[in-house]
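Read the structure below first, then the notes.
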Amino acid sequence: MKRKTSFFLSVALITCLTLAACSNNNSKSDSSAPASSDTPASSEAAPSSEAPPADPVKLTVLLDGAMMLGNYDDPEERLKQYDQDLKDGKITGNKNDEMQRDNLKYLSEKLKSQNIQLVAPDWGWAEPLIQKESAAFLANDGPDIIVGETQMPGFALAGNLEPFPEDLAAKIRANVAEAAWKPMEVDGKIYGLAPDPGVNILYWNKKIVAEAGLDPDKAPATWDELLANSKAIFEHGKASAGGVYGGPNFGGYLRFGAFMKLAGGNFVDSKGAPTINSPENVKAFEFLRQMNKYNKPGIVSALEEGTFFQAFDKDQIAYQVNGPWVISGCIEQKKECGVAPLPIGPAGTPGNVTIGAAFQSVPKYSKHKEEAFMVIEELMGDTIQQNIANAGVRAPILKSITESDAYKAAQPELYVFAKGLQGDVVGLPTFSGDANKAWQAIGEAMTKTMVTDKPIADLLRDAQDKIVAAGKK
């Protein structure tokens, strides 16, 4: 994965961390002109009656590093560093590098023209980021825009984030793929936007599929077709089927979750209550157990997700469910890969879970909310989204771009991915109480699904009991 997903979801608040204020008061100088005088003019220039320019608003933004160059106090200095890194060979200057540079240049110049100074510190990712953001909420002071993945819905539910203005929310609903905002919708309000989110799609090694006597250009459209293909590949003997990674970590939860959605299930209900033992989820786990039978032991349930994905790179497995970055990886490896939406499951409709989605949100404490939402609107605007489209690593979220004939012709594989961003897409939930124990219970159920023959219903019932108990702590 492009971003690490194997991290604990805990948002433990740290009280010993002191944060420096990230925004100024934007106080203006006294604009009153000196009193006029009747005395004759001297050789000295008369004082100006115009007020001095106001100090710029200092807007502190935690940016998505996959989309824009970050970690700077002065954008111009960061752009100079980019040029030097290119000269020194630290970066290649490929389309993705250029996209990050162009996005930073555009956004910083746009804000500068409106007397706004962009500052983008690096707060890290995963647990260190969660801890710093949690401390900022305690201190009631921090960045004007924060970023994050699985922790962000929990921040929204806790009341730490500002709901998007109605006009901006309406614009997003009308023009933006659901995966970019739907996981951050609470009680009809939007609390976050991911400018370049990922979702799960299906990839396959065309060479392995063809060697097993199957059509390498035909995607399995249903779970039954995927199972039949997997059986044929495994029995051919040269490779395992692969399929869906199911290790007891967030890499596994993100991918299992997609198949729970395809079965009509989810981790939680609309109120956030755990539903891991639903009949729909039982169907999903039973399917994933069947898929695992067409793999050598330890591939699908490897403790490290990299073990599974490297098996695809090494031509050891035929299928993998993963994010959009596999497309560019297949090109770099000169591997012929098929790309398709996830096969339809028992629910009969598409479903998915965001993967590698960095949501940008405005905290309640922000002193510059208007400017912050203006930045978020720019992140979904034509210029930045077209830069993302041109880079060819991820799909833009603007439907006007992805549904254009030009985009379909230029990026046929990413168009498949762009379609996956639309529809019933959710993020991983934030469990109440001891979230670590809740996810541990789910991980245990996944592992036992893969390595034992215990009834799935019993495994998920036990996990449900543990999640409910963890929520009371």
Handout entry: Worked verdict on Ile146 versus Gln360 for side chain to side chain contact (heavy atoms under 4.5 Å, CB included)
Key = CA-CA 6 Å; Ile146 63 171; Gln360 311 270 181; over 6 Å; no
Practice task
Evaluate side chain to side chain contact (heavy atoms under 4.5 Å, CB included) for Leu193 paired with Val176, printing each intermediate quantity in order.
Solution key: CA-CA 10 Å; Leu193 179 81; Val176 171; 4.2 Å; yes
Exercise for the section: Start with the C-alpha distance between Phe250 and Tyr253, add both sets of side-chain angles, then the distance that settles ring-ring contact (aromatic ring centres under 6.0 Å, His included), and finish with yes or no. Expected result: CA-CA 5 Å; Phe250 281 94; Tyr253 310 148; 5.1 Å; yes
Practice task
Carefully, step by step, assess Val282 and Asn277 under the rule side chain to side chain contact (heavy atoms under 4.5 Å, CB included).
Solution key: CA-CA 7 Å; Val282 171; Asn277 65 333; 5.9 Å; no
Practice task
Could you check Tyr365 against Asn160 for side chain to side chain contact (heavy atoms under 4.5 Å, CB included), going step by step and ending with a plain yes or no?
Solution key: CA-CA 8 Å; Tyr365 61 68; Asn160 292 320; over 6 Å; no
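Between the side chain of Glu149 and the backbone N or O of Phe359, no donor-acceptor pair lies under 3.5 Å. Side-chain atoms of Trp325 never come within 3.5 Å of backbone atoms of Val393 as a donor-acceptor pair (strictly under, hydrogens ignored). Side chain of Tyr72 to main chain of Asp122: no donor-acceptor pair is present (N/O by atom type, distance under 3.5 Å, no hydrogens or angles). Remark: the backbone N or O of Leu59 is not paired with any side-chain donor or acceptor of Glu371 at under 3.5 angstrom. Between the Asn71 side chain and the Pro121 main chain, no donor and acceptor come within less than 3.5 Å of each other. Of the possible polar contacts, none joining the Thr402 side chain to the Ala418 backbone as a donor-acceptor pair under 3.5 Å is found. For the pair Asp144 (side chain) and Lys369 (backbone), a donor-acceptor distance under 3.5 Å is absent. Counting only distance, with no hydrogens or angles, the side chain of Asn200 and the backbone of Asn352 share no donor-acceptor pair below 3.5 Å. When atom types are taken as modelled, the side chain of Asp269 and the backbone of Lys271 share a donor-acceptor pair closer than 3.5 angstrom. A donor-acceptor pair under 3.5 Å is absent between the side-chain atoms of Ser366 and the main chain of Pro363, judged by distance alone.
A donor and an acceptor atom, one from each side chain of Glu403 and Tyr415, are located under 3.5 Å apart. Gln440 and Asn436 share no side-chain donor-acceptor pair at under 3.5 Å. Between the side chains of Asn94 and Glu98, no donor N or O sits under 3.5 Å from an acceptor N or O. Remark: the Asp102 side chain and the Asn387 side chain contain no N/O donor-acceptor pair separated by less than 3.5 Å. Using modelled atom types, one finds a donor on one side chain and an acceptor on the other under 3.5 Å when comparing Asp313 with Gln333.
A salt bridge does not link Glu178 to Arg173: none of the charged nitrogens lies less than 4.0 Å from a carboxylate oxygen. Taking the charged nitrogens against the carboxylate oxygens, Lys80 and Glu77 do have a contact shorter than 4.0 Å, which makes a salt bridge. Using a 4.0 Å cut-off between charged nitrogen and carboxylate oxygen, Lys189 and Glu166 count as a salt-bridge pair. A salt bridge between Glu76 and Lys112 is present, with a side-chain N of the basic residue lying under 4.0 Å from a carboxylate O of the acidic one. In this structure, Lys472 does not pair ionically with Asp434, as no charged nitrogen and carboxylate oxygen lie closer than 4.0 Å. A salt bridge links Lys182 to Glu185: at least one charged side-chain nitrogen sits closer than 4.0 Å to a carboxylate oxygen. Look at Asp462 and Lys466 and you find a salt bridge, because one of the NZ, NE, NH1 or NH2 atoms lies within 4.0 Å of a carboxylate O, short of that distance.
A 4.5 Å side-chain heavy-atom check between Leu428 and Leu254 finds at least one atom pair inside the cut-off. The shortest distance between side-chain heavy atoms of Arg101 and Leu86 does not fall below 4.5 Å. Side-chain atoms of Arg255 and Asn322, non-hydrogen and from C-beta on, do get closer than 4.5 Å to each other. Using a 4.5 Å heavy-atom threshold, the side chains of Ile201 and Val339 count as touching. A 4.5 Å side-chain heavy-atom check between Gln81 and Gln84 finds every atom pair outside the cut-off. Within the 4.5 Å cutoff, the side chain of Thr449 has no heavy atoms near those of the Met446 side chain. In this structure the side chain of Asp196 reaches within 4.5 angstrom of the side chain of Asp64, judged on heavy atoms. Side-chain atoms of Leu414 and Tyr407, non-hydrogen and from C-beta on, do get closer than 4.5 Å to each other.
When all heavy atoms of Gly257 and Val353 are compared, the pair lying nearest together is C-CG2, 3.4 Å. Considering all non-hydrogen atoms of both residues, Pro324 and Tyr203 come closest at CA-OH, 3.3 Å. The two residues Tyr106 and Ile384 come nearest to each other via the heavy atoms CD2-CG1, 4.0 Å. Between Leu379 and Met68, the shortest heavy-atom distance links the atoms CD2-CE, 3.9 Å. Among all heavy-atom pairs drawn from Asn249 and Leu303, the shortest one is ND2-O, 2.9 Å. Here the shortest heavy-atom pairing between Leu129 and Val147 reads CD2-O, 3.3 Å.
Here Phe164 and Tyr191 keep their ring centres 6.0 angstrom or further from each other. Taking the ring centroids of Trp439 and Phe267, they lie under the 6.0 Å cut-off.
For CG of Asp88, the number of neighbouring non-hydrogen atoms (other residues, nucleotides, ligands) closer than 6.0 Å is greater than 12. The environment of CG in Asn140 is crowded: more than 12 heavy-atom neighbours from other residues, nucleotides or ligands sit within 6.0 Å. More than 12 heavy atoms of other residues, nucleotides or ligands shown are found within 6.0 angstrom of CD on Gln114. Residue Asp73 qualifies as open at atom CG: its count of foreign heavy atoms under 6.0 Å is 12 or below. More than 12 heavy atoms of other shown residues, nucleotides or ligands fall within 6.0 angstrom of atom NZ in Lys399.
Ring geometry for Phe256 against Phe285 counts as perpendicular: the plane angle is over 60°, on a 0 to 90° scale with 30° as the lower cut. Using a 30° and 60° split on the angle between ring planes, Tyr245 and Phe308 fall in the tilted class, from 30° to 60°.
Distance CG/Asn266 to OG/Ser278: 8.5 Å, rounded to 0.5 Å. Atom CG of residue Leu421 and atom OG1 of residue Thr354 lie 10.0 Å apart, to the nearest 0.5 angstrom. Expressed to the nearest 0.5 Å, how far CG of Asn175 lies from CD1 of Ile397 amounts to 10.0 Å. Atom NZ of Lys367 sits about 9.5 Å away from atom OG1 of Thr60, to the nearest 0.5 Å. Distance check: Leu63 CG to Trp123 CH2 gives 13.0 Å after rounding to the nearest 0.5 Å. For the atom pair CG of Asp382 and OG of Ser400, the computed distance is 5.5 Å after rounding to the nearest 0.5 Å.
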